[in-house]
Amino acid sequence: MGCQEVHAVTLLAFVCGTASIAGLFTATLLPQWRQMKLYTYNRHEKNLTVSIGMWVKCTRQEWSRECLMYDSEWYASVDQLDIRVLQFALPFSILTAGSALILCLTGICNTTFTSNVPNLKIAKCVINSSGCHLVAGLLFVLAGVISLTPSIWSIFYNDVLNRKYGPYFTYDISVFVAIGSSGGLYFTALLLFLWYCACKSLPSPFWQPLYSHAPSMHSYVAPSYSSRSRMSAIEIDIPVVTHTA
């Protein structure tokens with residue numbers, strides 16, 4: 001496996017990273033991070049289910065999908081600490097993973113469209129494809145940590161709410177979407193690290209131009225001359241004029 005070739009590993013990492021970011025974005029918008037069930041003992045009334053999201057809150061009758069009350073300003077009055085943390089963590093994780101995805105795409109495009117010997121005028125601006133994938137993998141790991149930690153914490157925070165208010169709270173589908181997407185970020189980083197380890201090692205530092213100076217100085221080989229040819233350049237033939245009587 002060489003750094004000058006595009007492999008299925010890097011393409012699979014790009015697709016997996018895109019799917020993981022889409023999953024995090026979906027989990028961020030879904031109003032189903034937590035459910036609160038309100039029971040009634042009146043036979044003429046139905047139990048209520050409150051679906052709590054990061055930005056909105058929906059109150060509906062049990063086994064119904066239609067919202068009776070839709071709180072679109074829930075994001076400003078959140079009184080649950082884990083939801084408040086998720087409001088900052090998931091968007092930041094999406095931005096970090098998006099930056100990693102751009103770096104991954106840059107490395108793929110650089111490998112695909114850049115020749116082995118770059119143009120002299122842009123040689124200083126060419127970046128190493130391996131460096132792009134390495135930094136992208138580190139950013140994917142960071143994004144996974146940022147999104148996975150508060151998502152798992154929200155599961156255990158239900159116990160805190162149940163001890164405080166009663167056994168009314170449980171986690172919902174958005175938690176699993178976020179955890180699965182975070183796992184996808186780790187898998188993407190693993191693919192990039194595998195590609196980097198199987199590729200040639202980078203010179204130090206990891207992030208540097210492909211060539212440290214002009215490639216023409218590497219490719220120029222001075223022609224060899226014999227001792228006779230070197231001296232012939234300074235030899236001067238002086239004509240001799242003879243006079244005959």
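Side-chain atoms are counted along with the backbone in the values below, which use heavy atoms only and exclude waters and symmetry mates.
- With S182 as reference, L24 is the one residue of V177, V145, I152, L24 to meet the side-chain contact (heavy atoms from CB on, under 4.5 Å) rule.
- For residues 73-105, no pair satisfies disulfide bond (SG atoms under 2.5 Å apart), with sequence neighbours left out.
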Residues T188, F14; criterion side chain to side chain contact (heavy atoms under 4.5 Å, CB included); working and verdict: CA-CA 7 Å; T188 304; F14 180 79; over 6 Å; no
Step-by-step side chain to side chain contact (heavy atoms under 4.5 Å, CB included) determination, D71 to V56: CA-CA 6 Å; D71 188 1; V56 295; over 6 Å; no
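- Closest approach of A97 to L185, counting heavy atoms only: CB-CD2, 4.0 Å.
- Between T26 and S181 the shortest side-chain heavy-atom distance does not fall below 4.5 Å.
- Nearest heavy atom pair, residue L139 against residue A100, reads CB-CB, 3.5 Å.
- Checked by atom type and distance alone, the side chain of W55 never pairs as donor or acceptor with a backbone atom of Q87 at under 3.5 Å.
- A distance-only check finds no donor-acceptor pair linking the side chain of T59 to the backbone of L68 [under 3.5 Å].
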Side chain to side chain contact (heavy atoms under 4.5 Å, CB included) between Q61 and L48, worked out: CA-CA 5 Å; Q61 292 181 348; L48 297 178; 4.1 Å; yes
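- Enclosure of atom OH in Y171 is not indicated, since only 12 or fewer non-hydrogen atoms of other residues, nucleotides or ligands lie within 6.0 angstrom.
- Minimum interatomic distance between S51 and P31 (heavy atoms only, all atoms of both residues): CB-O, 3.3 Å.
- F92 is connected to L142 through a chain of hydrophobic side-chain contacts under 4.5 Å among Ile, Leu, Val, Met, Phe, Trp and Tyr, so both are in one cluster.
- The backbone N or O of A143 sits nowhere less than 3.5 Å from a side-chain atom of T96 that would complete a donor-acceptor pair.
- Judged as a disulfide (SG to SG under 2.5 Å), and not counting sequence neighbours, C16 has no contacts.
- Remark: the backbone N or O of I146 is not paired with any side-chain donor or acceptor of T149 at under 3.5 angstrom.
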Y186 and V141: CA distance, side-chain angles, deciding distance, side chain to side chain contact (heavy atoms under 4.5 Å, CB included) verdict: CA-CA 6 Å; Y186 284 116; V141 171; 4.2 Å; yes
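- Looking at L190 and L194, their side chains come closer than 4.5 Å, going by heavy atoms from C-beta outward.
- One hydrophobic cluster holds both V175 and L29 under the rule that ILVMFWY side chains link at heavy-atom gaps under 4.5 Å.
- The closest donor-acceptor contact from the side chain of N158 to the backbone of F169 lies at 3.5 Å or more, if one exists at all.
- Shortest non-hydrogen contact noted between G137 and F193 is C-CZ, 3.5 Å.
- I52 and F88 are assigned to two separate hydrophobic clusters, defined by single-linkage of ILVMFWY side chains at heavy-atom distances under 4.5 Å.
- Checking I155, V50, D82 one by one against R34, the side-chain contact (heavy atoms from CB on, under 4.5 Å) holds for a single residue, D82.
- Distance alone, capped at 3.5 Å, places no donor-acceptor pair between the W74 side chain and the C58 backbone.
- Within the 4.5 Å cutoff, no side-chain heavy atoms of L86 are placed close to those of W153.
- Closest approach of G53 to I83, counting heavy atoms only: O-CG2, 3.7 Å.
- The CD1 atom of I108 sits 10.0 Å away from atom SG of C132, with the distance rounded to the nearest 0.5 Å.
- We find the NE2-OG1 distance between H133 and T106 to be 9.5 Å, quoted to the nearest 0.5 Å.
- Atom CD1 of I173 is surrounded by 12 or fewer heavy atoms from other residues, nucleotides or ligands within 6.0 Å.
- Note: N47 CG to L38 CG = 8.5 Å, rounded to the nearest 0.5 Å.
- Hydrophobic clustering (side-chain heavy atoms under 4.5 Å, transitive across Ile, Leu, Val, Met, Phe, Trp, Tyr) groups V78 together with Y168.
- Using a 4.5 Å heavy-atom cutoff, the side chains of I21 and I94 are in contact.
- For F25, the CZ atom sits in a loose shell: 12 or fewer heavy atoms of surrounding residues, nucleotides or ligands are nearer than 6.0 Å.
- Taken to the nearest 0.5 Å, the CG atom of D172 stands 4.0 Å off from the CD atom of Q35.
- By the rule that hydrophobic residues join a cluster once side-chain heavy atoms approach within less than 4.5 Å of another member, W33 and V160 end up as members of one cluster.
- Across A13 and L192, no two heavy atoms sit closer than the pair CB-CD2, 3.7 Å.
- To the nearest 0.5 Å, atom CZ of residue R84 and atom CE of residue M54 are 10.5 Å apart.
- In this structure, the separation between CG on L161 and CG on L81 is 10.0 Å, given to the nearest 0.5 Å.
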